[in-house]
Structures are given as C-alpha cells and as structure tokens.
Asker: 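So that we are looking at the same thing, I have put the structure below in structure tokens.
This is a predicted model, so every value here is computed, not measured. Throughout, a chain's letter reflects where its sequence line sits, starting with A, and its residues are numbered from 1.
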Amino acid sequence: MTFLLPIGLLALLALPLIVALHLVRQRRTRRRVPTTVLWQSVRVPPEQRQRNLPLTLLLLLHLLAALALALALANPALLPFGQNIPTHTALVLDTSTSMAATDESPSRFAAAQSAALAAIDDLGENDTLALVTLSDPPRLLATGGAADRARLAALVEGLAPAGVGADLAGALHIANGTLSTERQQRIVILTDTSLAAPTAPLSTPAPLEWRVWGNSAPNAAIVAFASRRLPAGDIALYARVANYSDASLARSLHLSVDGDTRDEQTIRVPAGGSEERTWYVQAGEVAELALDGEDALPGDDRAVLPLGRARSVRVRLISGQPDTALERVLAALPGYNVTVASAYDPAAPPVDVTVFNGMLPAALPSGALIAVNPPMDTVHFVVGARVSGERAVSTALDPAFARIDLSSVQWGGRHPLESIPSTLQPALTTDTSAPLVLRGLLADRPAVVWAFDVESSNLPAKLAFPLLAAASLDALTTGALPPTLPPGSLAPPAPLSQPDGRPLPADARLTDPGLYRLRDEQGQPSGGGVAVNLGDDVESNLLFRPPPELMAAPAALDVQPTAATGWRMWPLLVWLALAALAAEWIYHGWRGRPARAS
Amino acid sequence: MRSRTTSNAKDLFDAAFLARIDRLVLNARRHLRGGLSGEHQSRRRLPAPTFSDHRPYSVGDDLRHLDWRAYARHEELHLKLGETEQEINVVIALDCSASLDWGEGDEHKGRYALRLAAMLGYLALSASDRTEIWPFTTRLGKPFGPASSRSRAPDMLRYLGGLGWGERTSLDALAHAVRRHSGGMLVLISDLWSGGDLDGLLRAAAPPRWQSVVLHLLHPAEIKPDLAGPLELEDSETGQIITIDVDDVARKEYHQRLVKWVRAAENTCKQRGATYAGIRTDRLLEESTLPFLRRRGVLS
C-alpha cells in the first residue's frame, strides 16, 4: 500500500489528542451503593493513584474513527506487487565551468553526472524524467521514460562542465514547464552552488531537492587574456590573474608566442584580489599563458589567444560590369586580396571567397560565396518579379550584421527571392519581411546572398555599404570569428578543428578549453581560430555559497495520478469511520439510560 | 429515597423448608423471665409439679402444689417448688431502611432479611413464644404481634410480605422502644449501616432483662465491591453523591475500613453481652446460615 497524499497523515495527530481528552474528561459512572460512609473516608494520595488509560469502548470507537479518517485523507492505494506511483523527475544538471573542480574525486561534475545516471537507471516503468542543463542559457535536453534510459544516459554522458554562468531561474522555469498533474513530481538540482545570485525570484510547485558537491576550495585563475593590434603592427597582450582564496599566492606566470617563451615571472596576488600584466610582442599566431602549480580547477590556470590572420583573404569578384561600386568597396577593405573577372572560369585557382555579381552558375566553385543580385534564371533560387518601394528594417536578424542599418537605402526596385533553400536564413529584411541579405549554406558552401542590385540603389553612397561588404566577408572568413568564446558556446559556422586536432562537428559546442583552429578544404589548419578559456570571475571562484532561497511556492499542482494507481482505499476508510461514529452514537445512547440499582 | 415492596410472601418459604425448620428451637437463655406456658426451661423457682424444694404455704398459693406428705410428717403446710417451662418474649427488630434494598435475586439483602425474620418468627411461634416483629427505619413501623401460636404463622408471612424498604436508618427509636419493653430475646436483623448508636441499643437491651442477638447482614458486593475507575457513588439512604476514583489502592483501603468497622460492631456486641453473627447474603439460608446460627448458640 502507498499513500498518494502523505501529508494527510498529519491528521493522525488527532489520536493522541483524543486519548488526552479521554484522560482529562473521564466519564464518571454513577453507581448506587447501600452507603457511602466507608468510601468517604477513603483518601488515596495522589502519588498512589493509578492513572491508567481507560480502554473503554467509547475511546476505541473514537480512535478507530479518527484513524480511518486520517488514513483516508492520505489517500492510500493498493498497488499490484512491484508497481509504484508514477513519478516525474526534472533533473537540473549544472554544466558550468566550476563543476570541473577536482575537490570532489574525480570532479564535481563527474559526481553529479553519476548521480544523474543513477536517477536515470532508477526510472520505474511509469516514471518520466526531464533533463535540463543549469547553464546560461539553460536548455531542455530531453524528456523520456524508462524506455529512453539509454538515450538519456548518452545525453548525460555527452555533457561537460564548460560554461560561464548558470541561469537558475531559467532552469527552474524550464523544469516547471515539464511538470504535469499525472504523476508525482520532484525537481532535483545537481550543482556545486558556485552560483551567482539569481536575477529573478525562484519558485517551483514541486518538491525541490538540492544535491550539492564541492567544498570551499582555494583557486587561482587567469580570468582575462586579450590582445590588441597596435598601429605600428605590434600586438599588446593583457592578462588578469585572480586569487579566490583566503591567503595570498605567489606563482610563476609563463607567456609564450607560437611556442617560444617570451616572459616568465613570479606573480603575487593578495587574498581575494587580482593582478594585471601587459606584454608587447611582434606578430605571432598564437599566444599562450600559464600559471604553474596546482589547485582545484587546473583548467583555468591556462589561457590561449589567436593573434590575428596569418595571410590576406583571397577574394575573386566575378561581374559582367566593370568598375562597379562593389569592386571598389571590396578593394578598399583591408586584409582582402581582391581579383576581378568578367566571367566564371571553373578552372581558375581556388580562392577563399568568390563574389558573383548578377550571375550565379549552376556549378559553384569551392570556398565561400557572396551572391549579389542573383539572376532570374539561376537554378539555386526562384527569383520573383521586380518589386519596388520597399524599405529595410533597421533590426538585423543575424548578429553578424547587427551594426548595419539599411533603412535609409532606396533600392530602386529589385527581384526578391521567392523560394529560399532552408540552408539560408534571413539576416536583413524589408518592412514586408522579404529577405534582403541571407546567410548560411548554398550548395554546402558558406554563403551570403544580397537579394538586390547594388548599382540600381543608392547603397554605394551610404556608409552601410562598406560595412555590409566587410560584414559579409567576415561572416565567411576568419574575420568574423571572435578571438575567444565562452566555454559551452555553439561553434561558429566555420570549419574548425578541436584543440586535440579532430574536426569539430557542425553545431557542436565548444566545451574543451584551448584553440579551435580553422581548417581548409583539405582539413589542414589554415591559420587563425577561436580560443576557449575557462577562467571566469564567477566560475573560477570555488568558495561555497549556500543555495539560493526559493520564494513561497504557488499552490502545488493537484496531482491526480492516472497511471497505475491501484485500488483507492479512501471510500472504504470513510465508511469505516462512519460505522465507528454510528456505533459510538448507539453506545452513547445506551449508556445514557438511567443507571439501575445494582 | 425509594420504597419498594417485596414480592408476594408466598415465595418466601415453601412447605419443605418449613418442615425442616420445625425441628429447630430458639435457644432462649434460662434467665429470661416469661409466661408459664412456654417451652423454655427457666431458672425461676416456681410452684411446679416437678419437686426440687419446699416453701411454707401462703394464702392464695395453688393448693395443687401442696406437699401432703410433708404435712403428714410435720403437720405444716408446704408448697413443692421446681423448674418449669415458660414462654419468652421474642422481638425481631427488622431493618427496613433503603440500604437493605440492594442486591439481586436471593442475595437481595432485604429479601434475605425477610426470610431470616420469617424463619426466626416461625420458630418462636412454634415454641409458643410471644413473638413480635418490629420493622424500623428512623422510626418504628407498625409491628406484628404479639403472637404466640404457630397458627399465626400465615399472618406473619403475609405481614412480612407487605413490608418495603426506604428511608434512612436509626437505632434510636428502636432503643427507646426496647427500654419501654418488659424484656426477652431481641433479634436485630440489619446491615447496621445506620446513623444510630448500636452500643446505645445494646445498653438498652442489656441482660438479664434482654438476650440480644445481632444478625449483621452484608452483601458480597459490600465486602468486595465490584467498582472500578472514576465513579459517582450515590448513597441509597441519604442520596449523597461522592466522586471517587476507585482503583486497587482505594479498594484495599475500603476493605480495611470495612473489616475494622465489622470488628467494632462485633466488639460492641461482645462488650454488651450480645451475640453477634455476621451473615453473607450469598449463603443459602438453610444450608449455611442456620448451621451457623446453631454454632453461635442462637438456635438448637
């Protein structure tokens, strides 16, 4: 038997109360005796008086009625052997970088991962589980039942502690969204509580269980490592080292560029403080910084940084019109080696980016593409009839084009794309939601499409024109890659290799710290890339913080388990209570008759 | 206070019981004075057919008792003296207070008292004793008798069948009546739960004028009460209610006080020359009580 509403058992507190009332107000029976003379002189000292519980029929009936009602309130159910109440568990797993700390063996995250796998393994036949990452932003990875154990376990095993920030309110919101009234439910948060203060009130209608790993471990970290190219061509390097402990530290800081040691020094950082350092180096490809020694989070003791492009980007403009504004703006962009051709030659040497202006062959060259004003006879799109009078909206849909405002451009009429491949997404649109600029893949090649004629618009006279050209090229080349990305970020749309050299799958997340290098078509490193460093002011601080408090939860979901709840016993118990009360009424009436002389 | 009439007198005794008790005789002490027609041996020296001594003739003496042989020898008239059987007064004082109305069936104290009174009254009538029955509560009720013949037994049984129980008890009125009486055998049938003074009664009924027998009736539940727990006890005579928690300790103390009180009554009787007999109403009258009374010398 199990109780569907265990809180109803609180009514059992009435039982001792009933006993106490019977002791206090024991009913005195009146008995007629020949004389009370001898009884009057009987005086029993209080300490000798036996105050035993009167096990009268009335008391037993009262206890029986109270017991039956209390059990009925707890909604007991008899389940077939081996069956349990279906339960839904929302498992919130912290995937922030601090979970990589090794103060728990082998790491905080490994311990939490094991707990998550154990919860998946314990799923009963009718149980379900939702897997939510405690990250920024939080994500609902999957939901499933006992039949999905393998899939859920694979998802958990594929997670890694790499991410800055943990949006607890968002994760709870997602977890709450998976709750239902068909099962008993709970939310389990697996974390180390190195959490930033929540930015929104926390609440949940389901019971919340915190499972916390980690101790207040001292840690030092490289929390900032950046570069800036100076006008003279040198590169300034900046780093900040933080000490998250109660004692000052002195550790050796080692700087190398392209594998060559450029500086080694002892850095002293006060307790709870930080120290900054700056270096100036000449051109290089990759800078690396390392703190010696060991602490609870060794991953943030190292940082890496790509130091700009190794070579100019090769751009070929194929345009039937000479000396176009497009040619001029491409040539003006620094870092791009632009050649111009009047027709497409498939045998021409490959370049990094091919710009087609007013044409688009069926067989496209390798490398990235910019298709400007695609013709109506192209096989890659369905180009519609000419429209005019459109205006661009100022809000970009693609962050790569966020700084570009085309709202003042007069297009002079254009041919919009009517059938767009799903691999291309609008980046800039008109006020009628028709795409002006698209970005994505065209025939498996990174591509940007300008669905307008540059020459028939006044775009060349706008500042937005060179910005649009630069943004389009940056989106297709290393120029669009930031030098660093937070751990756990989605990989940018560029062919990258993982720090260990393996190709990075498309749509993967950058969870391992290190340099993700660009690859060419042959899969070889082509210079440049994006770095992922673990050091962070929030995640590197491993000092224990108590779990945030939840605000008063709204009324709990009214659970009405419908699956496998067995036989409900409350009607029987209610009838039993009523029978006991009826018997008590009859008994009371019988005892109320005048006492007979004995 | 309640009164309840007894059941019909017919069921008090059956013929078989009357036949068995017919052989019993009330043992009246020889010092009691009584009439000259009874069946009790008396110590009084009276002119009698059986000779044991002489005294000079006085005018008015019965000439049938002159000893003519003594006149032939001494030429003086002398009367023959000897022991003769006499009748005595038997007074059965019957407690009819409310405390007697307690018990069930044959153990009912009041019914038991009536049966006992009927038995003793029958014996007295059978012995031609001058029998009276005095019912009492706080005052004396209408008595039965005096009667001296067995033929009055049915009247006596009818009388007893008409008695009831009620009111409180007091021995004072009884003592007063005893003082005004000429004397005899006083048989007090009571539970002694009285507001009166037993010692005062027995002093009033002191020998040689009186021979007192106290038959102290107690119901088994008065000796070992079947009471337990929190109770309100209502006194059957006074109506007083006391609250008490009866447990083992209380019962033990009650029993101690009961024994002390019974012994006090027994001692009082002993000091005043009365015969005390404690009688449990669960003892069968003919199988237990009568032999008990025989052993105590009340019956022979």
Asker: Is any side-chain heavy atom of A:V37 closer than 4.5 Å to a side-chain heavy atom of B:W261?
Answerer: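 Sidechains of B:W261 and A:V37: no contact.
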
Asker: Do the side chains of A:W39 and B:R257 get nearer than 4.5 Å, heavy atoms only?
Answerer: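 No - every pair of side-chain heavy atoms lies 4.5 Å or more apart.
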
Asker: Within the 4.5 Å heavy-atom criterion, are A:P34 and B:K109 side-chain neighbours or not?
Answerer: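 In contact.
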
Asker: Given that the side chain runs from C-beta out, which part of B:I242 has a heavy atom under 4.5 Å from chain A: side chain, backbone, both or neither?
Answerer: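 Looking at B:I242, just its side chain touches chain A.
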
Asker: Look up atom CZ in A:R31 and atom CG in B:L233, then write down how far apart they are to the nearest 0.5 Å.
Answerer: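 That separation rounds to 8.5 Å.
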
Asker: Can you see which heavy atom on A:T36 is nearest to which on B:Q240, and at what distance?
Answerer: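 For A:T36 and B:Q240, the tightest heavy-atom pair comes out as OG1-OE1, 3.5 Å.
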
Asker: Rounded to the nearest 0.5 Å, how far does OG1 of A:T35 lie from CD of B:E234?
Answerer: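 If I round to the nearest 0.5 Å, the distance is 12.0 Å.
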
Asker: Under 4.5 Å between any side-chain heavy atoms of A:V33 and B:W193, yes or no?
Answerer: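 No, side chains not in contact.
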
Asker: Between atom CD1 of B:I241 and atom CZ of A:R32, what is the distance when rounded to the nearest 0.5 Å?
Answerer: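 Here the rounded value is 12.0 Å.
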
Asker: Does CZ belonging to B:R179 count more than 12 external heavy atoms closer than 6.0 Å?
Answerer: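 Yes.
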
Asker: Measuring from atom CG of A:L38 to atom CD of B:E222, what distance do you get when rounded to the nearest 0.5 angstrom?
Answerer: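 Spacing of CG (A:L38) from CD (B:E222) equals 9.5 Å.
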
Asker: Is atom CG of B:L140 surrounded by more than 12 heavy atoms (other residues, nucleotides or ligands) closer than 6.0 Å?
Answerer: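 Above 12, so yes.
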
